[in-house]
Structures are given as structure tokens and as C-alpha cells.
Trainee: 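Take this structure first; my questions come after.
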2 protein chains.
Amino acid sequence: MNQSDMRDEHRPPLTAPPSLAERIRLDMDSFTPSEKRAAHLLLSHYPFAGLDTVAEFASRAGISAPSVLRFVTRLGFGGFPEFQKHLREELEAQLLSPLAKAGPSDKSQNAPALAAFAEAVIGNLQATVENIAPAEFEAVVALLSDPRRHIHFTGGRFTGALARYAESHFRIVRSHVDFIEGQPVLWRDRMIEIGRKDVVVAFDIRRYQEDVTALCETAARQGATVVLLTDPWLSPIARVARHVLPAHIVAPSNWDSSAGLLLLTEALVAAVTKRLWDSAKPRMEAVERLRGEQR
Amino acid sequence: MNQSDMRDEHRPPLTAPPSLAERIRLDMDSFTPSEKRAAHLLLSHYPFAGLDTVAEFASRAGISAPSVLRFVTRLGFGGFPEFQKHLREELEAQLLSPLAKAGPSDKSQNAPALAAFAEAVIGNLQATVENIAPAEFEAVVALLSDPRRHIHFTGGRFTGALARYAESHFRIVRSHVDFIEGQPVLWRDRMIEIGRKDVVVAFDIRRYQEDVTALCETAARQGATVVLLTDPWLSPIARVARHVLPAHIVAPSNWDSSAGLLLLTEALVAAVTKRLWDSAKPRMEAVERLRGEQR
DNA sequence: GAAAAGCTGTATCAGAAATTTCATCACGTG
DNA sequence: CACGTGATGAAATTTCTGATACAGCTTTTC
């Protein structure tokens, strides 16, 4: 089950940025604050954000029209229309030759920590997806979509945040959802009402935390169904878990990456939301309404 | 602003929408001679020919401007700008999902939901990395590596979990790190000691939360440096933020994906840990020792 | 072959968009 | 603390674009 991590196969290199975007990134330092706003908007929606009108662009960037003009002037264009023309031409060139995207992949030079890190994380995600048994995933979706079940999320030092993230979404989609703190003193008394109808979803990666393990073992002993999201080395919780979804976590860092776990979490949320849509939609609308009134 | 809209737009399946080009081809017979010239020009340089001005388009097609206008009217658009808007949106949709149109990816058979979701998330991560200015990222790393600064993390309903995740890591790497709950009643009193030496790192994506915005505005007013991790549409916090790191969040789900934000968070943790390694290492060892004793 | 119907282009207009001007503001400096 | 510099946006200004009315031309039809 454990496949080697040496998977730096092909993977279409992060598409080479067209010249203007690149130049903007390089010059980012020298921009004034509002120019940075403009630059961010443009880069985040490159290049479509620039195809709108000046007014639209300005409003979306949260700056004034003149600032937008100064921005494009500083980029070396004679005016906004000229700037737009450049964007269109760049876009056309890029779209017409899909090969151009491969481009000069000399990014090893200026693409620093972030790009390398992202590459590793993306590799983790791909490896994670490939090694999840579809049936296992579907089984978990079905379990979490059962309205008669009560769902409890929990996790360790770092993964606790993921459990919270999951809980905050599922809480809206369905009822009987809660979060259990890791420390035993905080859950001991709550365990008495956990039984066959309950599902415990635990997040736990290496440096497995004993208290999370203890929680799951107790829950399992009382008949609860345990679902485990962990790393490929499998937390000891796997022994009592009905379903296990492993995610790759190794990254060029002193820390492990939880991106794979987040991916699984979000995919579960998406799938369950879809499956329960008839009942989830009214719930989501109601939540939205309450938020509106509350302020 | 407009955060009251529920996203139940049933994200129509990735079935190719009837492209405008296709419709034009079908209707070609019914066009008048000059309309045909317009149609041919548009199809031959689709869709870029349509992004120019009416005058330019007319001249390139060898017809008059009014004929161009009549052409777009006949296509069912209310005016030339509306026509252009349609072209841009079509183009954007097509460009953003280069994978979707790559034909029937055979894996749709196997693990549909999860694989499709992963594909979208990976696309988000790539887009996110490409649109972050290295200088901006480095600036944030430097800021968070300054031992004299005090770092406060905060976030909204769902992103709060990411803030916690960040906090739980940075807390170990360095000192003066904490998490601030979103609700104003919980932070009002804490704000008195936030000033020039403080850095507020806020996570906020669409359906931006007013209380998080308020927190950041207050902090900024008192001289704190605000760092914002948000979506490409930029939370209103961007107005008061010194640094903004946008992440792509759109996924085939009723919910947005925070994977890009997590990627940035983890990359920041990795970079800061590396930069502060001399002081971080002893801290991490000390934490490990305490955990061991405690059990 | 003439009248009707349908296209098309010229000239013009209204309005929107880009640009410039200028007063104000924030911030660092002497 | 006054001063100067640079950034910024509101408003005035200019430019240009999309839209329209109308007249000429072509094609159709009887």
C-alpha cells in the first residue's frame, strides 16, 4: 500500500507566466500601496480583471480610477486601452499555442520556497487521491449522510483545527454534529452517551496523540463507528477504525503538511452536501438568514 | 457588501455549454451578407476579434459599424458591451478549466467525486502559487520572523480553523503568538494592547465576516500591521492590510475550498521555521520534552 | 419593368469612458 | 513641530465609442 514518494514524474510544469504578469511580480516591491492592490487584483484574475473598464477595475481593486491609470502607466503603457490591447494579445498568443505554456521553464531560478513547497503538496494530493479506495470513500460519505447518526469530530494538536473545520461545515449541512476536545478530562463525561448510533471522525497524523487514541478506543468499545483520517503510516487508531482514509503528508519543511487531509475533508463535505441537498439547502438558507438578522 | 447570496447556483455540470461560436455556425445561413462577414471574422479569430472596439471589428470585417451592431443584436445581445462580456466570460470559463475540456478523462469512471474534486483543488493551488508575488510572500515571512513582533491570528466562521492551525504551529516556533476569536465581545478588551509592534494575520474569504473586518480595522487604526489571506476577490480587509496573499477557492462543491489558504499557511510556517531555526529548534525540543513528561 | 422590401453605409448624437487637474492627506525629515 | 514629498481620490475635462436616424442602393416580386 505504501508507494514510494519519488513521484516527480512529468506533472505539467506550473505553466510559465506570461511576460507582463511576471514583470508585475518582479516589480511588486516598487509599487505604492494602491498600485499593489491593482497588481493583486490583476494577478489573481489574470488577465481577465484587466479587460473590464477602468471604473470596474478600480472598484474591484478598492482604489480610484486615477490610481489604476497610474498603475498601467507605470507598467509602461501609454494608456488603458493600450494596456488592454496588450492583455488581449498575450492571451491570444497563449491560447493559440498550448505549447507556449510550457515556455521557458527556468523558474528554478526565481521560484523560491513557495513554488517548491506547492509542488510537493500537489504531489501529496495526487498520491492521496490515487491511494484512496473509491469504495472506502463512498462508504464514509454514506455514513456521514445518515441523518440518524450522530457525528463527532476530534483531532490532535494540529489536526484538531481540521476537525473544527470539518465540524463547522457539517454542522450547517446536517444536525447532530459536534466537536470533541482532545484532552480526556474534557470528554470523559461526554462518552457516556456515545454508542452504536454514533460516528467518531478522528484526525491524527504522526506523533500520534495518546489522548486521541484513547478517545477512539473508548468510543469503539462502546459500539461507535470510528472513521480515521491519518497519514500512510496509520495511526494506532486504525486498529479500532471501521474506515481509514490515509493522506500523504511529507513536505519540504520541518512540519508535515495537512493539505491531503483537508482535501479529503472538503471532498467529504462536498459529497455529503450533495447527497443531503434536499435537507441541507433549507438548513443553509436558515443559517444565512440568522446571520443576517444577528447583525 | 453582498454576502447574503446563497450559492446554490447549481454549478451546471461541466458539460460543454453551447458556445456562442457553435450557435453562429448553425445560424450562418440566416445571416445577411455583411453579417456573414462579421461572423466569419469572429469565428476565424474567435473570440478575440470580438474584444476590440466596434469600429475596429467593422473595419477588419470590411463592413460598417452599424452592421456590426445589427449583427450582435441579432445574436440576441442587448448591445455590444453585453456581447463582449459574454465573450470574456466564455473565455474565462474555458481557460480556467483546461482539464475539463480535455475530453473524457477516463478516471471519471472510477472515483468520480473525489478525483474531480482533487483536480479542481490542485488547479487552485497552482493558480494560487502563480499569482503570489515572491516578494510579497518573502515580506510576510520576514514580518513573521521578527522576534520583536507579536503575532495574532484570526479568521471567520470557517477560516477560523485555519487561523488556529497557523497559531498552533507558530506558537511552537516562536513566542508572542496567539489566536483571537472573531466575535467583538471577545476581543474588545484585548485590543488595548495592540499597537505598532503587533502583526494581525487574518483569514477571510467570501461571505466576508464583518466582525473580522472590524477587528482588522481597529488593529490597523492602532498601528498594527495587518496581513491578509483571502480569496482573489479580496476581502474588504485588504483596504487596511499591509500584505495580501490571495488564494483561489472555487471548487466543484457548494462550498469554497480553503486548500490554497492552507498551502500558504504551511509554506509560511515552513519558511519562518527555517529562518528562525536557531531559536526554533530548542523551542521545539523543549515542547517535545514537556509532552513526554506530562503523560 | 416598376414597386416594394430589405440591406447597407454616412453622418450624427448621446453618453460613457479615459484622462487630467488639483486639493487633500499621510508620512518621513530636518 | 514645521516642512516638503509623494500618494491618493474627487471632480472637471476630454476623448472616443457605441448607438441611431436616414438616405441610397440592391434585390425581390409580380
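In what follows, every chain begins at residue 1, and chains take the letters A, B, ... in the order their sequences are listed.
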Trainee: Using whole Å, report how far CZ of B:Phe71 lies from C1' of C:dT8.
Mentor: 16 Å
Trainee: To the nearest Å, give me how far apart CG (A:Asp52) and P (C:dA18) are.
Mentor: 10 Å
Trainee: Under a plain distance cut-off of 3.5 Å, with no hydrogens placed, do A:Tyr165 and A:Glu266 share a side-chain donor-acceptor pair?
Mentor: yes
Trainee: Rounded to whole angstroms, how far apart are CD on B:Glu56 and C1' on D:dC16?
Mentor: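 Computing the B:Glu56:CD to D:dC16:C1' distance gives 14 Å.
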Trainee: Do you see a donor-acceptor pair shorter than 3.5 Å between the side chains of A:Glu82 and A:His86?
Mentor: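 A:His86 and A:Glu82 do not have a side-chain donor-acceptor pair below 3.5 Å.
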Trainee: Can you tabulate the close N/O pairs, meaning under 3.5 Å, that link protein atoms to atoms of nucleotides 8-10 of chain D?
Mentor:
unit_1: D:dT8; atom_1: OP1; unit_2: A:Ser34; atom_2: N; d: 2.9
unit_1: D:dT8; atom_1: OP1; unit_2: A:Ser34; atom_2: OG; d: 2.7
unit_1: D:dT8; atom_1: OP2; unit_2: A:Thr32; atom_2: OG1; d: 2.4
unit_1: D:dT8; atom_1: OP2; unit_2: A:Ser34; atom_2: OG; d: 2.7
unit_1: D:dT8; atom_1: O5'; unit_2: A:Ser34; atom_2: OG; d: 2.7
unit_1: D:dG9; atom_1: OP2; unit_2: A:Ser64; atom_2: N; d: 3.2
unit_1: D:dG9; atom_1: OP2; unit_2: A:Ser64; atom_2: OG; d: 3.0
unit_1: D:dG9; atom_1: OP2; unit_2: A:Ser67; atom_2: OG; d: 2.7
unit_1: D:dG9; atom_1: N7; unit_2: A:Arg70; atom_2: NH2; d: 3.0

Trainee: So which heavy atom on B:Leu261 is nearest to which on B:Ile205, and how close?
Mentor: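 Taking B:Leu261 first and B:Ile205 second, the nearest heavy atoms are CD1-CG2, 3.5 Å.
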Trainee: Distance only, no hydrogens: is a donor on one side chain within 3.5 Å (strictly under) of an acceptor on the other, for B:Asp198 and B:His152?
Mentor: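 The criterion, which ignores hydrogens and geometry beyond distance, is satisfied for B:His152 and B:Asp198.
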Trainee: Over 60° means perpendicular and under 30° means parallel, so classify the ring planes of B:Phe153 and B:Phe170, tilted if in between.
Mentor: parallel
Trainee: Can you tell me how far CG of B:Leu42 sits from CD1 of B:Ile24, rounded to the nearest 0.5 angstrom?
Mentor: 4.5 Å
Trainee: Hey, does the Lys NZ or Arg CZ of A:Arg88 hover above the aromatic six-ring of B:Phe48, less than 6.0 Å from the centre and inside 45° of the axis?
Mentor: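 Geometry flag: not set, cation outside 6.0 Å or 45°.
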Trainee: Can you tell me the distance, in whole Å, between the CG atom of B:Leu69 and the P atom of D:dT20?
Mentor: 8 Å
Trainee: Keeping the roles fixed (side chain from B:Arg174, backbone from B:Asp146), state whether a donor-acceptor pair exists under 3.5 Å.
Mentor: yes
Trainee: Under a 4.0 Å heavy-atom cut-off, which of residues 72-87 of chain A touch DNA chain D?
Mentor: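 Result for residues 72-87 of chain A: none.
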Trainee: Using the test side-chain contact (heavy atoms from CB on, under 4.5 Å), find all partners of A:Pro81 that sit at least two apart in sequence or belong to another chain.
Mentor: none
Trainee: Give each protein N/O atom lying under 3.5 Å from an N/O atom of nucleotides 23-28 of chain D, with the pair distance.
Mentor:
none

Trainee: Starting from P on C:dT8, measure out to CZ on B:Phe31 and report it in whole angstrom.
Mentor: 12 Å
Trainee: Applying side-chain hydrogen bond (donor to acceptor under 3.5 Å, both in side chains), can you list everything that pairs with B:Glu136, at least two apart in sequence or on another chain?
Mentor: none
Trainee: For B:Arg188, enumerate each residue passing the side-chain contact (heavy atoms from CB on, under 4.5 Å) test, keeping only those at least two apart in sequence or located in another chain.
Mentor: B:Pro184
